[in-house]
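My questions all concern the structure below.
Indexing begins at 1, ligand by ligand and atom by atom, following the structure's order.
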Amino acid sequence: MSLYPIFANLNQRPVLVVGGGAVGERKVAALRKTGAVIMAVAPRVSANLQAWAKAGFIRHIPEAFHESQLDRIWLVVAATDDRALNQRIAAEAWRRCIFVNVVDDVALSSFQVPALVDRSPLMIAISTGGAAPAFARLIRERIESLLDASLGPLTDLVARYRIRIRTRIPDTARRRRFFERLFHGPVAGLLRQGQALRAARALIGALRDLHDEKAAGSVALVGAGPGDPGLLTLNALRSINEADVILHDRLVSADVLALARRDAELVDVGKQSGADLTSQQAIHALLLEHASQGKRVVRLKGGDPFLFGRGGEELEFLRAHGIAFDVVPGITAAMACAAYAGIPLTHRDHAQSVRFLTAHSREGVHALAQQDLADAAQTLAIYMGVGLLSEIRDHLLAHGRLATTPFALVENGSRPEQRIIRGVLDQLPELARTHQVQSPALLIVGAVAALADRLHWYGQAPLGGTNDIARDLRAA
Ligand code: SAH
């Protein structure tokens, strides 16, 4: 026997809540949104319930429960901690054919209150039939994270234009496609940015120009983070879920790509480091090609798209070609590697600032030399340095960093195979060679790097640093 799901219209209908404590208050708060006429029965009620009664939102009946209070009531909630009383309320409600919910008591209830994802007027109710309410809450969390806040306003907007849409597009299949475009396209995008007026205008425009059904391709420039899919933002996850085509870098992890729709087209446009301009131009051409076909393109980059990711160049190209885009930031390698290695990038005692650098620029490693690198209280986070570790060490030493400055090389940060190599600047290339460090790896230089020895928490303990020395000493 299963439950019958309903959404009840309680507007102007009398409902009774018995119990004036925190639970009763929560039930009243939820019922208030329905427009029901609420009576709260309890000799004493919480401060909020008192205030709501005073403001006229609810009626407080300052008495013990009595059967006669159920006269003309549509629905009753028993929210007292007195089981005998709850039983009496339930029995009387059954006798009068009134729906009753006894909080946390499936056996006494004739209806249950589901876990709710509220994007009013859109609502998603979840029930396990009372079997495992905690489970329903977990499922609710998952759905919450998939549906962004623009869905409520979008549903409202569609409701407002429903008749116009129906008249303009009588064919059901075409209308379904139109709704799909509303759901995934620029109208939803504008609502997400809080631009209700422009969204309405875009909807009217789309209704007017039905023939350019295909014209609305777009590109989302999305940061995929360092590898752990848990580090994606909710916006990144949604973009990936909605994409028709994903053009991704080599650095984007398989775990992240696995989140794409099954029918989405995945294109690896990964470049080896040092690749030339033609491959960047090829990426531009692919972006243009797919977006012009009206597809939702996700340009998925490791870490953050605006940090050493050439995201800026791609946006300039899209702007020049009149293609709509948005940008979803990602957790950059420096933030992720630092966090997963237990290295606070700033620290009151050790580092007052942090700098993101790349060893790989148009000028090569010499670009590093032009910067002020001597400040011992500044942490350096150096990207793309694996092939240039001797040069980096020499430059840093030549520009005033001490040979004893701690470093940490974090390889495959945030991924199951993460390794941390720890040492002092002087030994950097040798230790990296000993441990055969491969790309991708991020180099952190500065006093804070040494904290990894104590604060590391993820994966293997740091190699090559004090731990190894301690181990060697123990072994000796
Ligand atoms: N846009 C990216 C950086 C691209 S440059 C971001 O914001 O993270 C590529 C460099 O990033 C690599 O050479 C390496 O230094 C670093 N990197 C990216 N992912 C990494 C990871 N999971 N672990 C360590 N370093 C990483």
Side-chain angles (χ1 to χ4, degrees), residues 220-233 235-236 246-257 268-275 279-280 283 298-315 327-343 345 354-362 364-365 367-368 379-389 391-393 407-422 428-429 432 435-445 449 452 456 458-460 462-463:
L221 181 61
V222 177
D228 177 352
L231 295 180
L232 285 172
T233 65
N235 280 351
I246 297 179
L247 306 179
H248 65 90
D249 284 351
R250 192 171 36 96
L251 272 179
V252 176
S253 74
D255 290 343
V256 168
L257 291 175
D268 180 356
V269 295
K271 297 169 296 186
Q272 298 302 316
S273 75
S279 53
Q280 186 61 37
I283 292 171
V298 162
R299 174 70 178 105
L300 193 57
K301 289 171 177 285
D304 179 85
F306 279 178
L307 261 172
F308 309 128
R310 302 182 80 163
E313 293 166 47
E314 293 179 14
L315 290 197
V327 183
V328 180
I331 294 194
T332 189
M335 314 301 297
C337 291
Y340 279 58
I343 299 174
L345 288 172
V354 55
R355 190 172 204 167
F356 297 169
L357 298 163
T358 172
H360 224 287
S361 68
R362 291 211 166 117
V365 76
L368 278 180
T379 307
L380 304 178
I382 304 179
Y383 290 68
M384 291 183 270
V386 172
L388 296 161
L389 294 172
E391 289 87 337
I392 292 172
R393 175 198 49 197
F407 80 81
L409 248 180
V410 185
E411 180 192 66
N412 283 311
S414 87
R415 304 176 183 206
E417 59 276 24
Q418 168 178 306
R419 293 197 303 164
I420 306 166
I421 317 300
R422 267 276 301 118
L428 168 61
H435 293 290
Q436 303 188 334
V437 174
Q438 306 279 319
S439 186
L442 185 99
L443 174 62
I444 300 176
V445 178
H456 76 86
Y458 179 82
Q460 296 182 35
L463 300 163

Those atoms of ligand 1 less than 4.0 Å from some heavy atom in Val410: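 Those qualifying, in numeric order: 24 (C).
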Which of the atoms in ligand 1, numbered in the order shown and given with their element, are less than 4.0 Å from a heavy-atom of Arg415?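 Going through ligand 1 atom by atom, the ones under 4.0 Å from Arg415 are 22 (N).
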Report yes or no: does Gly302 have a heavy atom closer than 4.0 Å to ligand 1? yes
Do you know which two heavy atoms are closest between Ala359 and Gly385, and how far apart they sit?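 Taking Ala359 first and Gly385 second, the nearest heavy atoms are CB-CA, 4.0 Å.
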Using the rule given for side chain to side chain contact (heavy atoms under 4.5 Å, CB included), can you reason through Asp255 versus Asp228, listing the C-alpha separation, both sets of side-chain angles and the distance that settles it, and then say yes or no? CA-CA 7 Å; Asp255 290 343; Asp228 177 352; over 6 Å; no
List the closest protein heavy-atom neighbour of atom 10 (C) of ligand 1: residue, atom name, distance to the nearest 0.1 Å. Met384 CG, 3.7 Å
Measuring from atom 23 (N) of ligand 1, which candidate in Gly223, Gly330, Gly413 has the nearest non-hydrogen atom? Gly413
Kindly give the heavy-atom pair with the smallest separation between Arg422 and Phe407, and that separation in Å. NH1-O, 3.0 Å
For Ala334 against Leu345, the heavy-atom pair lying closest together: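 Looks like O-CD1, 4.0 Å.
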For Pro226, take its heavy atoms, then give the atoms of ligand 1 lying under 4.0 Å from any of them. 22 (N)
Answer side chain, backbone, both or neither: which part of Ala441 comes under 4.0 Å from ligand 1, heavy atoms only. backbone
Testing the basics here: between Leu232 and Ala224, what is the closest heavy-atom pair and its distance to 0.1 Å?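 Minimum heavy-atom contact is CD2-O, 3.5 Å.
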How far is atom 19 (N) of ligand 1 from its nearest protein heavy atom, and which residue and atom is that? Ala333 CB, 3.9 Å
Is the closest N or O pair between Ser414 and ligand 1 shorter than 3.5 Å? no
Is the backbone of Gln438 close enough, under 3.5 Å, to the side chain of Glu411 for a donor and an acceptor to pair up by distance? yes
In the protein, which heavy atom is nearest to atom 3 (C) of ligand 1, and how far is it? Leu307 O, 3.6 Å
With atoms numbered from 1 as shown, which atoms in ligand 1 lie under 4.0 angstrom from a non-hydrogen atom of Leu442? 24 (C), 25 (N)
For ligand 1, which atoms sit closer than 4.0 Å to a heavy atom of Phe308?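 Counting from 1, the qualifying ligand atoms are 4 (C), 5 (S).
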What atoms of ligand 1 come closer than 4.0 angstrom to any heavy atom of Leu251? 9 (C), 18 (C)
Between Leu443 and ligand 1, which residue portion shows a heavy-atom distance shorter than 4.0 Å: side chain, backbone, both, or neither? neither
For atom 11 (O) of ligand 1, what is the nearest protein heavy atom, given as residue, atom name and distance? Tyr383 CD2, 3.4 Å
Could you list the atoms of ligand 1 found under 4.0 angstrom from a heavy atom of Thr332? 6 (C), 7 (O), 8 (O)
Do the side chain of Arg419 and the main chain of His435 share a donor and acceptor less than 3.5 angstrom apart? yes
With rounding to the nearest 0.5 Å, note down the distance linking CD1 in Ile343 to CD1 in Ile420.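 Output value for this atom pair is 6.5 Å.
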Verify, without hydrogens or angle tests, whether Asn412 (side chain) and Gln418 (backbone) share a donor-acceptor contact under 3.5 angstrom.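 Here the side-chain-to-backbone pair does not exist.
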Can you tell me if CD on Gln436 sees more than 12 non-hydrogen neighbours from other groups inside 6.0 Å?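 12 or below, so no.
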